[in-house]
Amino acid sequence: MRRALSQARRRLSPLAERARRTWRRSLQLRMVTITVVCSGLLVTGFGYLVAERNNEALLQGAREDAKRKIEAGADYLKAQLESWPNGEDPSTAKEVTKILISLATRPEQGDDVSVAVYFSQAPTTVGNREAFWPPTKRSEVALAIKPELRRAVESGNAASQVVTVGGNTYLVYGTPVSMPRWSYKQIELYYAISMQSEVGVSQNTQTTVILVGLMLVLLLTILVVFVTRLVAQPVRLAAQTAQRLSAGLLDQRMAVNGEDELALLADAFNQMAANLQRQIVRLEEMSRLQRRFTSDVSHELRTPLTTVRMAADLLYSEREDFDPAVARSAELLQKELDRFEELLTDLLEISRFDAGFAMLDTEPTDMIALVTRATTRFERLARRAGVELRLMAPEPPVIAEIDAKRVERALRNLVDNAIDHAEGKPVIVTLAADEHAVALTVRDHGMGLKPGEEKLVFNRFWRADPSRARQTGGTGLGLSISLEDIRLHGGWLEAWGRPGEGAVFRVTLPVRAGARLKSSPLPLQPLAAIPAQPTAPSQGVGV
């Protein structure tokens, strides 16, 4: 049983998921379903109310008619029996039967009335007598007269009851007929009136209500399908056109038909698309001119920079023979030229990214060796800044298909940035990998980032504290270039930080070139403020 239920669940699960997706994606299906359910409930309730009121009216009319007939019959029966001195005569039952014949065959009674008489409240020496007409329905009418109805009539009250016997429905009405001079004291008179005609009318009414309700629900369904199609089709076309616009097909437009609200929507959408196209073309042209300007300026600056570099190198090499003030000026000139040359190199790299000319040269690379080489370069800078630089890596090897030059440049930018903001606290570089991705984090415990700044740090020339002097002479483009290098690999470069708790930068790269990332082997948010010693299975490598 469990296996059968499990198999049924596995088979029904895709169907349920498909139905759920269809329900969520189709406005027309939701509107039609809601309309059918609501109209079905409304029609069902209305039909039930109509049928109940019709049945009550038929039953009430039948009761009033039966009451009128039985009252006339009781008067007739009493008038026929009053001349009898004693109801204990053995021939009483036969005489009553004769009276019943004349009673039941009276024209005003109709053809659907059966009559029964019971003698009640008789002395114990005389048994109860009963008479029925017609005799052919004796057993059926006897079954129709229920004990609770007899008890009500015996107590001296008129009562009625609807009973179904043998497939036939009867309205049984009983009334007491008082006979003061008789030892029986009273006689019970019952009329069993067939209600087959009323049942037929009720069934016809119910059938009519059901057919009208189904036709009404069907009509509403067709109407809702038509209306939702009329409304949803332009919305669907607008969504498709918007998707094509977002894909870069800026010349796509909607067809405008008529002058109604939907036509106004299509016209407004087309105007918006035309305005967006003009703005995007204008911005693309401005961006192209800006990229070209940056590239041209960067290339044009190469020649004068080379000349100035040659003169500065000559002055720097001869600074010992100069006056101390002139020698200091030569040193400052050399330092600023290094920074200017680095800025120019970064601008050229940014221009290549903007122009879409950056290319990858991937090959299998040992990530542990790459990270070790990149962090070792900053050993002297870290000691000078009073920062402890730690490396946490798993057991080798960790191989990934990457462009080693670009990844190492990104890692150098992150480590350099972490040392610059560490404020004398440890900087931890962590490497981890799984079968799909390799990740490394650079964690500092300095000033941290304010909420929202984790996105701004990758903007060009952005600084968290513009008033703070740089210690390493960065250009302000390092994180932007690092982000482009990692994106070029199909990877992620993310940041996390809190004021006073430092910041974390995480790089996640696919192990195989061109693969898509789904998760990262390392968490972005640290579990503790300052981790203790490296724990297994990671291996601590001091730098």
Side-chain angles (χ1 to χ4, degrees), residues 57-123 126-166 168-199:
L58 291 174
L59 183 59
Q60 184 65 24
R63 283 176 177 168
E64 291 178 357
D65 184 60
K67 181 179 180 182
R68 185 172 58 254
K69 290 180 179 180
I70 200 171
E71 287 178 351
D75 293 339
Y76 178 82
L77 180 63
K78 188 174 181 180
Q80 294 293 323
L81 296 178
E82 277 183 347
S83 60
W84 287 57
N86 191 342
E88 295 183 5
D89 190 335
S91 62
T92 300
K94 294 180 181 180
E95 295 298 329
V96 168
T97 302
K98 294 180 182 180
I99 297 174
L100 288 182
I101 295 174
S102 61
L103 181 65
T105 56
R106 295 172 67 197
E108 61 269 20
Q109 301 290 16
D111 299 331
D112 56 350
V113 179
S114 300
V115 182
V117 171
Y118 286 88
F119 297 86
S120 60
Q121 299 183 8
V126 181
N128 286 344
R129 298 175 180 178
E130 57 185 24
F132 292 87
W133 185 264
T136 55
K137 293 187 176 182
R138 177 185 181 90
S139 60
E140 188 172 342
V141 175
L143 291 174
I145 302 174
K146 300 297 182 181
E148 55 270 20
L149 180 62
R150 286 211 59 190
R151 287 194 294 269
V153 176
E154 285 177 356
S155 63
N157 300 315
S160 64
Q161 192 175 43
V162 178
V163 181
T164 300
V165 179
N168 295 322
T169 303
Y170 292 97
L171 172 61
V172 182
Y173 209 110
T175 185
V177 180
S178 178
M179 304 297 295
R181 296 188 302 164
W182 284 31
S183 59
Y184 288 98
K185 300 302 181 186
Q186 75 176 19
I187 297 176
E188 302 166 24
L189 177 61
Y190 296 91
Y191 273 24
I193 304 174
S194 176
M195 295 189 67
Q196 292 304 113
S197 60
E198 287 80 358
V199 171

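Counting all heavy atoms, side chain and backbone alike, Ala74 lies closest to Val177 at CB-CG2, 3.9 Å. Closest approach of Ala159 and Leu149 over heavy atoms only: CB-CD1, 3.6 Å. Here the shortest heavy-atom pairing between Thr169 and Gln196 reads N-OE1, 2.8 Å. For Ile145 against Tyr118, the heavy-atom pair with the smallest separation is CD1-CE1, 3.8 Å. Of all heavy-atom pairs spanning Pro176 and Ala158, the tightest one is CD-N, 4.1 Å.
For Tyr173, there are no side-chain hydrogen bond (donor to acceptor under 3.5 Å, both in side chains) partners at least two apart in sequence or on another chain. Qualifying side-chain hydrogen bond (donor to acceptor under 3.5 Å, both in side chains) partners for Arg68, counting only residues two or more places apart in sequence or in other chains: Asp65.
The CZ atom of Arg63 lies 12.0 Å from the CG atom of Leu58; values are rounded to the nearest 0.5 Å. From Lys137, atom NZ reaches atom CG of Asn168 across 7.0 Å, with rounding to the nearest 0.5 Å.
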Problem set entry | Step-by-step side-chain contact (heavy atoms from CB on, under 4.5 Å) determination, Val172 to Ser160 | CA-CA 5 Å; Val172 182; Ser160 64; over 6 Å; no

Exercise. Going through the distances and angles, do Leu59 and Glu198 end up as a side-chain contact (heavy atoms from CB on, under 4.5 Å)?
Worked result: CA-CA 8 Å; Leu59 183 59; Glu198 287 80 358; over 6 Å; no

Exercise. Given the rule in the side-chain contact (heavy atoms from CB on, under 4.5 Å) test, do Glu188 and Tyr190 qualify, once you have shown the distances and angles that lead to the verdict?
Worked result: CA-CA 7 Å; Glu188 302 166 24; Tyr190 296 91; 2.6 Å; yes

Exercise. Would Tyr170 and Glu140 satisfy side chain to side chain donor-acceptor pair (under 3.5 Å), going step by step from the backbone distance to the final call?
Worked result: CA-CA 10 Å; Tyr170 292 97; Glu140 188 172 342; 2.5 Å; yes

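Screening Leu171, Val115, Val141, Thr175 for a side-chain contact (heavy atoms from CB on, under 4.5 Å) with Tyr191, the sole residue that qualifies is Val115.
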